[in-house]
Enquirer: 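My structure is below; once you've seen it, I'll send some questions.
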Amino acid sequence: MTKIGIIGGSGIYNLLDLALINELPIETPYGKPSSHYSILQSDTNQFVFLNRHGKDHDIAPHKINYRANIWGFKEIGIKKIISLCAVGGINKSYVPGDIVFPNQIIDVTSDRHKTFYDDSPLYHIDFSNPFCPQLRDYFIKAASEINQFVYKSGTYICTNGPRLETSAEIKYYSLIGADMVGMTGMPEAVLARELELCYASCAIITNFAAGIKQQPLTVNEVITTMKQSEAKLNILLKQILISINENNPCTCNNVLKDASIN
Ligand code: HPA
């Protein structure tokens with residue numbers, strides 16, 4: 001069974017030439033995940049796919065059951081999760097269509113369940129590097145092998161949504177070091193780490209964040225850029241799947257060892 005999971009939006013079925021092998025309906029102690037988990041086969045790899053916004057894209061970012069989604073992957077036996085996400089570009093170098101592999105996170109979300117460890121035993125996991133460095137290295141290697149330009153690092157700020165940001169908020173986020181803004185990276189990343197899973201994001205800049213350009217933001221822009229980026233994302237994702245060594249152990253798989261007070 002594959003150890004690779006992908007979390008993405010609805011565009012993914014168009015991304016790869018995929019055969020659906022099976023669908024796994026998973027129940028978790030935290031409730032229902034966003035949808036069934038699909039076992040998909042590309043011409044080189046098998047992996048498990050979950051659409052974070054649900055099959056019909058009707059689960060808002062603040063309503064996603066992040067704990068159930070990540071728990072489900074663990075239950076299936078997944079070890080490494082590739083997250084595909086759309087983000088607004090804050091860094092002035094970014095233009096829509098660019099690909100970034102973020103290496104840092106700032107979390108400004110609220111009222112989301114952000115831990116599996118509410119009760120004893122308590123764990124305070126190391127989250128200095130929120131994205132798995134080993135998985136990010138596979139991403140970087142894959143991009144370089146196909147000569148795909150990517151930004152190899154950047155800081156992702158996670159907002160609550162579902163509204164987009166104000167121009168003043170984006171200015172502030174820029175001042176505190178954010179390069180891109182999205183609504184789903186947290187608590188997805190920390191929950192994966194808490195269950196000792198590797199997790200890294202491949203972010204697509206779908207729009208200039210609010211106020212970066214003097215034009216109103218539209219969701220149409222986000223969808224159009226996503227569509228226009230499909231071909232290169234397809235090639236990159238295929239190469240990432242080839243580059244990953246599923247059986248290579250990683251320090252993410254051992255974070256609880258030094259994280260308990262009890
Ligand atoms: N803000 C927040 N989330 C997003 C954006 C944005 O501009 N674009 C895509 N996801």
Side-chain angles (χ1 to χ4, degrees), residues 6-12 14-15 34 50-54 56-66 69 81-112 114 130-131 139 150-151 153-191 199-230 232-233 236-237:
I6 300 183
I7 308 183
S10 41
I12 183 88
N14 311 330
L15 281 181
S34 296
L50 179 73
N51 191 327
R52 62 165 70 82
H53 292 288
D56 302 319
H57 204 103
D58 57 1
I59 308 175
H62 64 294
K63 306 268 293 266
I64 291 172
N65 189 341
Y66 293 97
N69 286 354
I81 298 176
I82 300 167
S83 143
L84 301 175
C85 56
V87 292
I90 298 178
N91 187 313
K92 294 265 176 12
S93 309
Y94 297 167
V95 292
D98 282 346
I99 295 172
V100 192
F101 302 147
N103 65 322
Q104 278 300 328
I105 296 179
I106 299 170
D107 183 12
V108 292
T109 62
S110 55
D111 297 322
R112 296 185 181 192
K114 299 186 185 190
F131 297 100
F139 287 12
V150 294
Y151 288 95
S153 62
T155 297
Y156 174 116
I157 192 160
C158 193
T159 57
N160 226 33
R163 69 164 176 85
L164 292 160
E165 300 71 35
T166 68
S167 303
E169 283 167 339
I170 292 298
K171 201 167 168 186
Y172 168 62
Y173 296 157
S174 172
L175 285 172
I176 62 172
D179 295 301
M180 73 207 90
V181 57
M183 298 177 192
T184 56
M186 283 295 282
E188 224 172 64
V190 70
L191 293 171
Y199 175 99
S201 287
C202 175
I204 320 297
I205 307 290
T206 51
N207 56 284
F208 294 105
I212 298 288
K213 290 272 183 289
Q214 295 307 320
Q215 63 200 36
L217 279 181
T218 66
V219 172
N220 211 9
E221 204 180 325
V222 173
I223 291 160
T224 306
T225 313
M226 217 45 191
K227 281 240 162 309
Q228 286 166 350
S229 310
E230 259 176 22
K232 70 175 176 190
L233 204 53
L236 177 60
L237 196 53

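Note: hydrogens, waters and symmetry copies are ignored here, and every other heavy atom, side chains too, is used. First listed ligand is number 1; within each ligand, the first listed atom is number 1.
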Enquirer: Which heavy atom of A209 sits nearest a heavy atom of V181, and at what distance?
Expert: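 Shortest heavy-atom separation between A209 and V181 comes out as CB-CG1, 4.0 Å.
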
Enquirer: Taking T225 for its side chain and E221 for its backbone only, find out whether a donor-acceptor pair lies under 3.5 Å.
Expert: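 Judged by distance alone, yes, a pair lies under 3.5 Å.
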
Enquirer: How about CG on D58, more than 12 heavy atoms from neighbouring residues, nucleotides or ligands closer than 6.0 Å, or not?
Expert: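 It does: D58 CG has more than 12 such atoms within range.
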
Enquirer: Looking only at atom types and distance, does a side-chain atom of K232 sit under 3.5 Å from a main-chain N or O of G97, one as donor and one as acceptor?
Expert: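 Flag set: sc K232 to bb G97 pair under 3.5 Å.
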
Enquirer: Please check if the side chain of N160 supplies one atom and the backbone of S110 the other of a donor-acceptor pair under 3.5 Å.
Expert: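 The answer is yes, because a donor-acceptor pair under 3.5 Å joins these two groups.
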
Enquirer: Examine distances only and state if a side-chain atom of S153 and a backbone atom of P102 form a donor-acceptor pair shorter than 3.5 Å.
Expert: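 Such a contact is absent between S153 side chain and P102 backbone.
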
Enquirer: Ligand 1: which residues have a non-hydrogen atom closer than 4.0 Å?
Expert: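 A86, V87, G88, L164, E165, V181, G182, M183, T206, N207.
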
